[in-house]
Amino acid sequence: MAAAFVGPGTVTACTLAGAQFGYALLWALVFATIATVILQEMAGRLGAGAQLGLGEALMAGVGSRPLKYAVAGLVFAALMIGNAAYEGGNIAGATLGGQAIVGPSVIPRWVWPTGIGGIVAIALWFGRYQTIEALLIVLVLIMSLAFVASAVVTRPDWAAMLSGLRPTVPSGGTLTAIALIGTTIVPYNLFLHAAASKARWAEDGGVVAARQDTILSVGLGGLVSILILSAAAASLFGTSLEIVSAADMATALEPTIGPAARYVIGLGLLAAGLTSAITAPMATGFAMAELFPTSDNAKRQLIFRVISLTIVVIGVGVTLSGLRPVSLILIAQAANGLLLPIVAIFLLIVMNRRSLLGVHVNGLASNAMGALVVLVAIGLGARGIVRALGLWS
């Protein structure tokens with residue numbers, strides 16, 4: 001049920017959305033949660049039913065060698081670019097959390113990304129991340145529960161929440177809407193979920209179990225995200241507070257836990273950043289190992305380590321680039337949202353190959369819902385690009 005925990009991008013994007021636009025972008029989170037269930041159900045069916053990872057299925061479904069290399073190259077470029085940006089956001093989130101705990105000026109800013117990147121690299125190289133991850137997820141859950149309590153205590157405006165379910169994008173809200181979708185439907189999770197489902201549910205009935213797990217875990221994660229946005233909307237919307245640090249985000253928790261909010265959100269962001277900073281390069285390494293399969297275990301491990309550590313190094317470099325951490329996190333989530341249609345289209349193509357999936361192939365309803373997700377993601381992405389070019393006011 002890893003999808004139920006929230007990453008630093010989720011906390012940041014939801015807090016920014018609530019603080020800047022109130023409940024107006026609530027629909028984007030609801031859509032993203034439903035869309036995640038749809039896409040991850042397909043990935044789970046691919047793994048548990050056909051016993052294939054998404055990368056494996058892509059390669060198996062392509063006939064000619066040139067086309068196979070072209071598909072592998074496109075997926076490689078998309079995942080490397082998207083996850084490198086995402087990794088920068090993860091490390092930036094962990095940095096924000098650390099600075100909230102000890103103070104922004106106590107430790108030089110460059111030390112945080114470098115140290116966090118080093119910890120992640122060591123964990124990935126030696127494969128000693130399961131115990132660390134379990135501890136970090138507990139801290140993230142504490143922060144999530146604090147947001148849930150704050151959303152209850154601040155008494156959301158139910159009429160405004162209902163109006164936020166109407167799909168509209170307020171002026172200046174396109175990037176944030178894409179970020180909300182990108183932080184919920186994480187493209188690399190489709191590769192990771194297929195691989196995890198393949199390993200976990202190899203027996204009969206695995207498809208049903210995988211589907212139930214997806215609905216429960218993604219649903220819980222979506223609910224927590226909605227409550228984070230609601231807490232920020234109730235506490236911060238209309239205050240003109242600019243969110244530039246974890247201390248600013250902690251303001252949304254102060255009605256519930258007072259001055260301790262800074263430390264709760266600091267520990268939560270640090271833990272969420274570290275957990276996601278391990279997961280993102282790990283998923284990229286797994287996906288690349290699937291795209292370039294080999295029976296040589298040592299060679300497969302080398303591919304995994306080189307790819308995953310490359311993502312970490314680029315992520316550290318992005319974090320040290322000088323961009324404000326909050327801005328960097330939002331940009332990283334938006335990059336994920338722009339990458340989503342590409343990965344979703346690949347997933348839909350794979351899920352319609354009866355020769356690979358047999359009885360687990362997509363039906364009409366799955367294809368229609370998947371196509372709708374792709375169209376909405378493309379539409380929002382195109383709107384964002386056109387607005388960025390100044391062609392649409």
Side-chain angles (χ1 to χ4, degrees), residues 2-3 7 43-44 46-48 50-62 65 68-88 90-91 94 113-137 186-202 273-318 339 343 346-347 350 356:
L46 176 66
Q51 286 295 291
L52 287 169
L54 181 51
E56 287 179 291
L58 282 169
M59 292 297 96
V62 177
R65 187 177 294 270
K68 185 170 290 191
Y69 285 138
V71 170
L74 181 58
V75 174
F76 175 81
L79 284 178
M80 288 295 287
I81 293 170
N83 281 359
Y86 194 67
E87 185 71 352
N90 292 332
I91 295 172
T114 307
I116 290 164
I119 292 170
V120 171
I122 291 170
L124 288 168
W125 185 266
F126 292 103
R128 307 287 185 181
Y129 45 79
Q130 288 87 353
T131 303
I132 298 172
E133 190 175 43
L135 172 63
L136 295 175
I137 288 176
V186 183
Y188 77 71
N189 263 349
L190 299 177
F191 286 87
L192 191 59
H193 190 60
S197 298
K198 173 186 172 182
R200 183 177 176 186
W201 290 292
L274 275 169
T275 306
S276 297
I278 291 171
T279 307
M282 184 172 67
T284 313
F286 283 152
M288 293 305 106
E290 287 181 354
L291 290 174
F292 305 103
T294 174
S295 57
D296 186 336
N297 187 57
K299 187 175 181 181
R300 186 165 57 248
Q301 284 295 320
L302 180 62
I303 292 173
F304 170 81
R305 285 172 173 167
V306 169
I307 294 296
S308 59
L309 292 182
T310 299
I311 292 291
V312 175
V313 170
I314 296 174
V316 171
V318 169
L339 172 63
V343 178
F346 276 126
L347 178 62
V350 165
L356 289 177

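Not measured: the values here are computed from a predicted model.
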_Smallest separation among heavy atoms of P281 and S276, with atom names_ = CD-O, 4.2 Å
*Could you tell me which non-hydrogen atom of P113 sits nearest to which non-hydrogen atom of I91, and how far apart they are?*
CA-CG2, 3.7 Å
*Compare every heavy atom of A277 with every heavy atom of E87, then report the nearest pair and how far apart it is.*
OE2-O, 2.8 Å
*Which pair of non-hydrogen atoms, one from A50 and one from L356, has the smallest distance, and what is that distance?*
CB-O, 3.9 Å
*asked:* Looking at every heavy atom in both N90 and A280, which two are closest together, and how far apart are they?
replied: ND2-CB, 3.9 Å
*Between CG on residue L309 and OG1 on residue T284, distance to nearest 0.5 Å*: 11.5 Å
*Could you walk me through whether M282 and I311 pass side-chain contact (heavy atoms from CB on, under 4.5 Å), step by step?*
CA-CA 9 Å; M282 184 172 67; I311 292 291; over 6 Å; no
*Return the minimal non-hydrogen interatomic distance between E56 and K198, and the atom names on each side.*
OE1-NZ, 2.9 Å
_Student check: side-chain heavy atoms of R305 and L124 closer than 4.5 Å_ = no
*Within-4.5 Å side-chain heavy-atom neighbours: F346 and L54*: no
*OG1 of T310 to CE of M80: how many Å apart, nearest 0.5 Å?*
5.5 Å
